[in-house]
Amino acid sequence: MNNIKPKKLSKLNPGGSYWIWYVLPALAVYIIFMAYPMIDSVRLSFYNSNVRPRVFVGLQNYIDLFTDETHSARFWGAFKNTWVFFAFHMVFQNVLGMLFAVILTNRTMKGSRFYQTIVFLPCTIAVMVTGYLFRLILSPVLSGPAFKSIGLDMLVHHWLGDKNTALPIVALVSVWQWVGIPTMMFYAALQNVSEDVLEAAEIEGCNSWQTFWYIKYPLILPVVGMITILTFVNNFNAFDVIYAMEGPTGPPEYATDLIGTLFYRVGVVGVNVTPPEPGIGAAISTSVFIILLMGVIPTLKATRTKE
């Protein structure tokens, strides 16, 4: 019988560096597709990209963006509209998400799974499909006769053609589609609140509002902060729903023009700008990145809870 010794099984060393091999693929994808383009965009903002070879112009693109009559008017208009778009999502989407989550986590709630599906279902629809669908529904030519036939004449209006209603309507459509995301995140956070704490509050005589405001809400504050940050970042990068419902020029009269559509119009395709100005577009994206940092960092600090 041969004296063959079994091979020793290798053991994972908790202090070893083998874990880096698992991180490298994701890190490589992040660097190639996110970090490098972002850094290159900052670099591009200091060049005049309309000539070959590119000419270094320093801060001239930023000066043109904030002082040139045309660029400045469009940038500040899109900046204001983006804040309005964000406010609609904070007030309606996240508040409704919190309300739905509280209702769905109520111990007496029946059919919770069914209602979770209903709330989350719009998130599974492609944004372009949602945009075009609501564009048809809101058209006074296509849907007007149907509304009149059932006595809803008040709904017959060119909502997307009125500069006073176009942006709120588009924002509410976006709220309808994405309210399921904060709902599920709040739902998961509320599910983790200890039943012992809730029972203690009930014994102390706390009503439903007091239990939520003084116990549940402080415990899920980090999740509230995370959802606020996600809403902030996503809305300052919003593009698809505006593009689907109104197009890249932000009609009527730039009333629905957001930072995302402005960047696309100026820096990529050159709609109303001939030729495209990648340097100005890069200056727009870099400015928005700085704005996002200024909003994200204080929000993280404000919503950080003490252990």
Side-chain angles (χ1 to χ4, degrees), residues 23 26-27 29-31 33-39 41-42 75-76 78-102 104-105 116 119-120 122-124 127 130 167-168 170-193 212-213 215-242 258-264 282 284-307:
V23 176
L27 184 62
V29 170
Y30 175 79
I31 291 173
F33 294 103
M34 295 189 69
Y36 173 75
M38 183 178 67
I39 295 171
S41 177
V42 175
F75 176 79
W76 290 116
F79 184 73
K80 183 196 74 173
N81 292 340
T82 304
W83 276 106
V84 173
F85 195 75
F86 165 70
F88 266 84
H89 284 77
M90 282 299 297
V91 172
F92 293 101
Q93 176 184 281
N94 292 347
V95 172
L96 282 174
M98 178 71 79
L99 177 62
F100 292 158
V102 171
L104 291 171
T105 53
Q116 287 179 48
V119 172
F120 193 77
C123 299
T124 64
V127 177
T130 300
L167 184 59
V170 174
L172 290 174
V173 170
S174 180
V175 166
W176 172 84
Q177 176 154 32
W178 299 114
V179 69
I181 300 295
T183 299
M184 293 300 103
M185 293 180 71
F186 285 134
Y187 178 86
L190 290 171
Q191 285 284 81
N192 288 328
V193 176
F212 169 76
W213 188 249
I215 297 175
K216 292 182 179 180
Y217 183 77
L219 291 174
I220 66 170
L221 194 58
V223 178
V224 174
M226 184 57 63
I227 292 173
T228 301
I229 291 170
L230 291 174
T231 305
F232 184 63
V233 172
N234 289 338
N235 283 278
F236 267 79
N237 290 306
F239 171 78
D240 42 12
V241 66
I242 294 290
L258 302 183
I259 293 292
T261 54
L262 176 67
F263 168 76
Y264 176 77
I284 293 171
S285 64
T286 303
S287 301
V288 172
F289 175 71
I290 295 171
I291 291 168
L292 291 176
L293 280 182
M294 293 171 61
V296 166
I297 294 173
T299 302
L300 282 174
K301 291 182 177 179
T303 57
R304 184 176 57 190
T305 56
K306 296 179 180 180
E307 294 295 334

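Residue numbers run from 1 in the order of the sequence given.
- Proximity of Trp178 to Thr130: side-chain heavy atoms (C-beta onward) are nowhere separated by under 4.5 Å.
- Considering OH of Tyr30 and CE of Met38, their distance stands at 5.5 Å, rounded to 0.5 Å.
- Shown here for Ala171 and His89, the closest heavy-atom pair between the two residues is O-CE1, 3.8 Å.
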Chi angles and distances behind the side chain to side chain contact (heavy atoms under 4.5 Å, CB included) call for Ile242, Tyr264: CA-CA 12 Å; Ile242 294 290; Tyr264 176 77; over 6 Å; no

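- For Ala238 against Phe85, the heavy-atom pair with the smallest separation is CB-CE2, 3.7 Å.
- Between Phe75 and Phe79, the angle of the ring planes stays under 30°, which puts this pair in the parallel group of the 30/60° scheme.
- Taking the side chain as every heavy atom from C-beta outward, Thr82 and Val288 never approach each other to under 4.5 Å.
- To the nearest 0.5 Å, atoms CG (Leu99) and CZ (Phe186) are separated by 11.0 Å.
- Note that the CD1 atom of Ile259 and the CZ atom of Phe86 stand 14.0 Å from one another [nearest 0.5 Å].
- Here the closest heavy-atom approach between residue Asn81 and residue Leu167 is recorded as O-CD2, 3.7 Å.
- Contact of the Thr183 side chain with the Leu96 side chain is not registered, since no non-hydrogen atoms from C-beta on lie closer than 4.5 Å.
- Applying the side-chain contact (heavy atoms from CB on, under 4.5 Å) criterion to Leu172, with sequence neighbours excluded, gives Phe88, Phe92.
- Shortest non-hydrogen contact noted between Ser41 and Thr286 is O-OG1, 4.1 Å.
- Two residues are said to be in side-chain contact when any heavy atoms from C-beta on lie closer than 4.5 Å; Ile181 and Cys123 meet this criterion.
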Quiz: residues 215-233 side-chain donor-acceptor pairs under 3.5 angstrom, not counting sequence neighbours:
| from | atom 1 | to | atom 2 | distance (Å) |
| --- | --- | --- | --- | --- |
| Thr228 | OG1 | Val224 | O | 2.8 |
| Thr231 | OG1 | Asn94 | ND2 | 3.2 |
| Thr231 | OG1 | Ile227 | O | 2.7 |

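- For Thr105, the side-chain contact (heavy atoms from CB on, under 4.5 Å) partners two or more places apart in sequence, or in a different chain, are Tyr187, Leu190, Gln191.
- For the pair Gln177 and Pro122, the tightest heavy-atom approach, listed with the atom from each and the gap, is NE2-O, 3.2 Å.
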